[in-house]
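Here is the structure we will look at, set down as structure tokens.
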Amino acid sequence: FEAVKNNWETFEKLCNKAVKHGMGDFLESLGERLITTPYSTHEKDGGCYAGGLVENALETTSKMRKLASTFNLEIETSSILKVGLLHEVGKVGTLEEDLFVEQDSSWHREKLGQFYKYNEALNKATTPDRTLFLLQHFGITLTHDEFYAIRVSQGAHLEENRFYVNAEPDLAKCLQMAKRL
């Protein structure tokens, strides 16, 4: 509990530092759900517990800052914070419903380590698309590079991102590398 609380306080502080307009409404509306959202459905993928999403966002952001510094990338700190912290908030689900729900099958939990499953009541959408929808809903503006970093955040191996290969801004490359580390 203490780790989740500390992570949330850090996440909230950094979000408010990076985003001036819309963040208050975003955090007030989705904060409680963000705190409890896991990063993944399976324990083998890491972050398969309440607080996993926020913990992963903080780790990714830290790695992005180190990469940008190491490689002397000219990326605004506010962009690193905004993209690193928010690139997967679409995993919370929609404005009303969670994307991940507890796995009700003991076989899936015990044999596969799948403690959550996707909420089948939700329309299908990629995490970046859900993320971009939520950000625009709360009036959180993105620069061109921030938009594309989030848009291609799941990697160039996905069909929907192949169009952008070799045209990604440094911010997108930094995010993708941080996620791989």
Task: Y118 with F133, same ILVMFWY side-chain cluster at under 4.5 Å - done: no

Task: Heavy-atom check, side chain of K173 versus side chain of P169, under 4.5 Å - done: no

- [ ] Ignoring hydrogens and angles, tell me if any N or O in the side chain of K44 forms a donor-acceptor pair with the backbone of L112 under 3.5 Å.
- [x] no

- [ ] Please report the C-alpha distance between F71 and L73 in whole Å, then the side-chain angles of each, then the deciding distance to 0.1 Å, and finally whether the side chain to side chain contact (heavy atoms under 4.5 Å, CB included) criterion is met.
- [x] CA-CA 5 Å; F71 293 106; L73 300 175; 4.0 Å; yes

- [ ] State, yes or no, whether a side-chain contact exists between V89 and L30 at a heavy-atom distance under 4.5 Å.
- [x] no

Task: Donor-acceptor side-chain pairing of Q154 and Q176 below 3.5 angstrom - done: no

Task: Cluster link L34 to V101, ILVMFWY, side chain under 4.5 Å - done: no

- [ ] Would you confirm whether N56, through its side chain, and Y39, through its main-chain N or O, come within 3.5 Å as a donor-acceptor pair?
- [x] no

Task: L142 and Q136, any side-chain heavy atoms less than 4.5 Å apart - done: no

Task: Shortest non-hydrogen contact between T61 and G84, atoms and distance - done: OG1-C, 3.0 Å

- [ ] Please answer: with hydrophobic residues joined when any side-chain heavy atoms are less than 4.5 Å apart, are F115 and W107 in the same cluster?
- [x] no

TODO: Please report the C-alpha distance between L175 and M64 in whole Å, then the side-chain angles of each, then the deciding distance to 0.1 Å, and finally whether the side chain to side chain contact (heavy atoms under 4.5 Å, CB included) criterion is met.
DONE: CA-CA 6 Å; L175 173 61; M64 286 180 71; 3.7 Å; yes

Open item on the list: Treating D129 as the side-chain partner and A125 as the backbone partner, does any N or O pair qualify as donor plus acceptor under 3.5 Å?
Closed with: no

Task: Spatial distance of atom CD (E28) from atom CD (E12) [nearest 0.5 Å] - done: 10.5 Å

Open item on the list: Counting C-beta onward and ignoring hydrogens, is there a side-chain heavy-atom pair between L67 and L181 closer than 4.5 Å?
Closed with: yes

Open item on the list: Is it true that Y49 and E43 share a donor-acceptor pair across their side chains at a distance under 3.5 Å?
Closed with: no

TODO: For the residue pair E146 and S79, confirm or rule out a side-chain donor-acceptor distance under 3.5 Å.
DONE: yes

Task: K117 NZ/CZ over F100 ring centroid, <6.0 Å and within 45° of normal - done: no

Task: Within 6.0 angstrom of E9 CD, more than 12 heavy atoms from elsewhere - done: yes

Open item on the list: Tell me every residue that passes side-chain contact (heavy atoms from CB on, under 4.5 Å) with A57, counting only those two or more places apart in sequence or in another chain.
Closed with: F11

- [ ] Mark yes or no for whether T131, through its side chain, and H87, through its backbone, hold a donor-acceptor pair below 3.5 Å.
- [x] yes

- [ ] For the residue pair F26 and F138, categorise the inter-ring angle as parallel (less than 30°), tilted (30 to 60°) or perpendicular (more than 60°).
- [x] perpendicular

Open item on the list: So which atom in V83 and which in A149 form the shortest heavy-atom distance, rounded to 0.1 Å?
Closed with: CG1-CB, 3.9 Å

- [ ] Calculate, to the nearest 0.5 Å, the distance between atoms CG and CZ belonging to D145 and R151 respectively.
- [x] 15.5 Å

Task: Minimum heavy-atom distance A18-S78, with the two atoms named - done: CB-O, 3.8 Å

Open item on the list: Checking the side chain of T127 only, and the main-chain atoms of K91 only, is there a donor and an acceptor separated by less than 3.5 Å?
Closed with: no

Open item on the list: Hydrophobic clustering (ILVMFWY, side-chain heavy atoms < 4.5 Å, transitive) - are V54 and L99 grouped together?
Closed with: no

Open item on the list: On a heavy-atom basis, which atom in Y116 and which in S40 lie closest, and how many Å separate them?
Closed with: CD1-O, 4.0 Å

Task: Short side-chain to backbone donor-acceptor contact, T36 and A50, under 3.5 Å - done: no

TODO: Verify whether one side chain among N7 and T10 offers a donor that lies under 3.5 Å from an acceptor in the other.
DONE: no

- [ ] Report the distance from atom NZ of K82 to atom CE of M23, rounding to the nearest 0.5 Å.
- [x] 8.0 Å

Task: Reported CG-to-OG1 distance for the pair N119 and T94, which is rounded to 0.5 angstrom - done: 8.0 Å

TODO: Measure the CD1-SG distance between I80 and C174 for me, rounded to the nearest 0.5 Å.
DONE: 5.5 Å

Task: CD/E76: more than 12 non-hydrogen atoms of other groups inside 6.0 Å - done: no

Open item on the list: Could you check whether atom NZ of K20 has more than 12 heavy atoms from other residues, nucleotides or ligands sitting under 6.0 Å from it?
Closed with: yes

Open item on the list: Please determine whether side chain to side chain contact (heavy atoms under 4.5 Å, CB included) holds for the pair L132 and I150, giving the CA-CA distance in whole Å, both sets of side-chain angles, and the decisive distance to 0.1 Å.
Closed with: CA-CA 8 Å; L132 292 168; I150 291 170; 3.8 Å; yes

Task: Donor-acceptor under 3.5 Å (R109 side chain, Q103 main chain) - done: yes

Task: Over all atoms of both residues, closest heavy-atom pair of G93 and L134 - done: O-CD1, 3.8 Å

TODO: Quick one: do I35 and L53 satisfy side chain to side chain contact (heavy atoms under 4.5 Å, CB included)? Show the steps, please.
DONE: CA-CA 8 Å; I35 292 169; L53 179 63; over 6 Å; no

- [ ] Determine whether V92 and L122 fall in the same hydrophobic cluster, where Ile, Leu, Val, Met, Phe, Trp and Tyr are linked whenever their side-chain heavy atoms lie under 4.5 Å apart.
- [x] no

Open item on the list: Measuring from atom CG of L81 to atom CG of L14, what distance do you get when rounded to the nearest 0.5 angstrom?
Closed with: 5.5 Å

- [ ] Report yes or no: does R33 contribute a side-chain atom to a donor-acceptor pair with the main-chain N or O of E97 at less than 3.5 Å?
- [x] yes

